[in-house]
Number of protein chains: 2
Amino acid sequence: MKISDFSIRSGLSIDTLRYYERIGLLPRTARDGGGRRSYGPDDLAWARFLGKLQAMDMPIRERLAYSRLRSEGDATLGARRAMLEAHRAALVARQDELHGLIAALDGKITHYRERETQSGDSQ
Amino acid sequence: MKISDFSIRSGLSIDTLRYYERIGLLPRTARDGGGRRSYGPDDLAWARFLGKLQAMDMPIRERLAYSRLRSEGDATLGARRAMLEAHRAALVARQDELHGLIAALDGKITHYRERETQSGDSQ
DNA sequence: CATTGACCTGGAGTGCGCTCCAGGACGTAC
DNA sequence: GTACGTCCTGGAGCGCACTCCAGGTCAATG
């Protein structure tokens with residue numbers, strides 16, 4: 001698959017794909033005769049998983065650490081699982097935080113509604 | 001209150017307080033005789049609310065827009081409420097997204113556990 | 001076989017949100 | 001009255017995560 005198709009299918013821009021490869025987040029992609037990148041299905045699964053880690057707010061340094069572990073093979077399965085579990089805990093904490101913040105926002109919004117009624121409905 | 005105390009009580013660093021004032025996120029703070037900032041309780045409530053908006057991932061441009069509306073007085077109550085409601089919706093959407101991502105992560109973690117058992121327990 | 005469009009590389013530029021620094025002023029404690 | 005700590009300003013620097021650019025190569029199309 002050429003980079004333009006892979007970009008669409010992975011959800012990562014062409015520039016981002018090349019950038020990720022440069023910093024080692026994606027392994028060096030296979031090239032065709034003319035030196036162009038040629039992506040396979042495995043690349044797609046990995047790129048999509050990286051996209052998920054990004055959507056989970058995992059910083060690039062951590063994704064890089066994960067990626068390096070992955071490239072070392074099955075010996076690092078435990079370490080990778082530990083990383084994911086730690087990140088899971090962070091996401092749950094963030095969920096809880098959001099819960100509280102939404103509640104606070106609701107209080108503020110209610111407060112605004114009351115002030116608007118007081119100042120606006122008298123006329 | 002002097003800036004060092006205000007920094008502690010607001011949770012914003014001294015540099016951040018000055019930076020926020022520079023860009024107009026905090027209104028120009030009152031000064032004492034010697035030109036030093038002198039914060040009052042109202043400043044604290046506002047700074048803390050700004051901190052909450054930040055924790056809600058509201059970008060600085062939006063906080064700035066909100067801040068400008070606030071400085072225009074009660075005429076902008078409706079507009080401010082609309083901003084908060086829009087942001088509330090974004091937070092709820094993010095919560096849902098996190099929910100899905102955590103589920104995906106759980107699947108991956110389970111998968112890792114299985115692979116670890118297969119490769120590790122045989123010895 | 002010439003043009004076009006997609007691709008390549010290395011490197012520079014961007015936007016965000018601070019954070020740090022130099023050089024100077026003030027005010028409190030000794 | 002001087003030393004020290006805290007504050008001031010304007011401006012530079014930083015880390016993140018891309019995004020864009022110049023200059024060049026290559027493959028397919030008319």
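In what follows, chains carry the letters A, B, and so on, assigned in the order in which the sequence lines appear, proteins first and then strands, with residues in each chain numbered from 1. Since this is a predicted model, take the numbers as computed values, not measurements.
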Protein N or O to nucleotides 20-27 of chain C N or O, pairs below 3.5 Å:
unit_1 : atom_1 : unit_2 : atom_2 : d
C:dC26 : O2     : B:R36  : NH2    : 3.0

Once you round it to whole Å, what is the distance between [atom2] of [N] and [atom1] of [X]?
X: B:I3; N: D:dC8; atom1: CD1; atom2: C1'; answer: 9 Å
X: A:E21; N: C:dG10; atom1: CD; atom2: P; answer: 11 Å
X: A:M1; N: C:dA6; atom1: CE; atom2: P; answer: 18 Å
X: A:I23; N: C:dG10; atom1: CD1; atom2: C1'; answer: 16 Å
X: A:L17; N: C:dT9; atom1: CG; atom2: C1'; answer: 16 Å
X: A:R63; N: D:dC16; atom1: CZ; atom2: C1'; answer: 10 Å
X: A:L25; N: D:dC16; atom1: CG; atom2: C1'; answer: 14 Å
X: B:L12; N: C:dG17; atom1: CG; atom2: P; answer: 14 Å

For A:D106 and B:R88, what are the C-alpha separation, side-chain angles and deciding distance, and is it a side chain to side chain contact (heavy atoms under 4.5 Å, CB included)? CA-CA 8 Å; A:D106 283 341; B:R88 184 193 194 280; 2.4 Å; yes

Assuming nearest nucleotide by heavy-atom distance, tell me which of B:R61 and A:K2 is located more 5' along DNA chain C. A:K2

Reading DNA chain D from 5' onward, which residue's closest nucleotide shows up sooner: A:T16 or A:D32? A:T16

Given [N], is OP1 or OP2 found less than 4.0 Å from the side-chain N or O atoms of [X]?
X: B:Y20; N: C:dC18; answer: yes
X: A:S13; N: D:dC18; answer: no
X: A:R31; N: D:dT25; answer: no

To check you understand the geometry: which heavy-atom pair defines the closest contact between B:I102 and A:Q95, and what is its length? CD1-OE1, 3.6 Å

Which of D:dT6, D:dC18, C:dC18 is nearest the side chain of A:Y19? It is D:dC18

So does B:R113 pair up with A:E85, basic N to acidic O under 4.0 Å? yes

Should the pair A:E21-A:R31 be classified as a salt bridge under the 4.0 Å nitrogen-to-oxygen rule? yes

Do A:F6 and A:T29 touch side chain to side chain, with heavy atoms closer than 4.5 Å? no

Looking at DNA chain C, which of residues 53-60 of chain A put a heavy atom within less than 4.0 Å of it? none

side-chain hydrogen bond (donor to acceptor under 3.5 Å, both in side chains) partners of residues 38-55 of chain B, not counting sequence neighbours, each pair once: none

Is the backbone of B:L105 close enough, under 3.5 Å, to the side chain of A:H87 for a donor and an acceptor to pair up by distance? no

B:T16 backbone acceptor or donor facing B:S13 side chain under 3.5 Å: yes

Stepwise, does the salt bridge (charged side-chain N to carboxylate O under 4.0 Å, His left out) test hold for A:D15 with A:R22? CA-CA 10 Å; A:D15 272 316; A:R22 236 192 286 191; over 6 Å; no

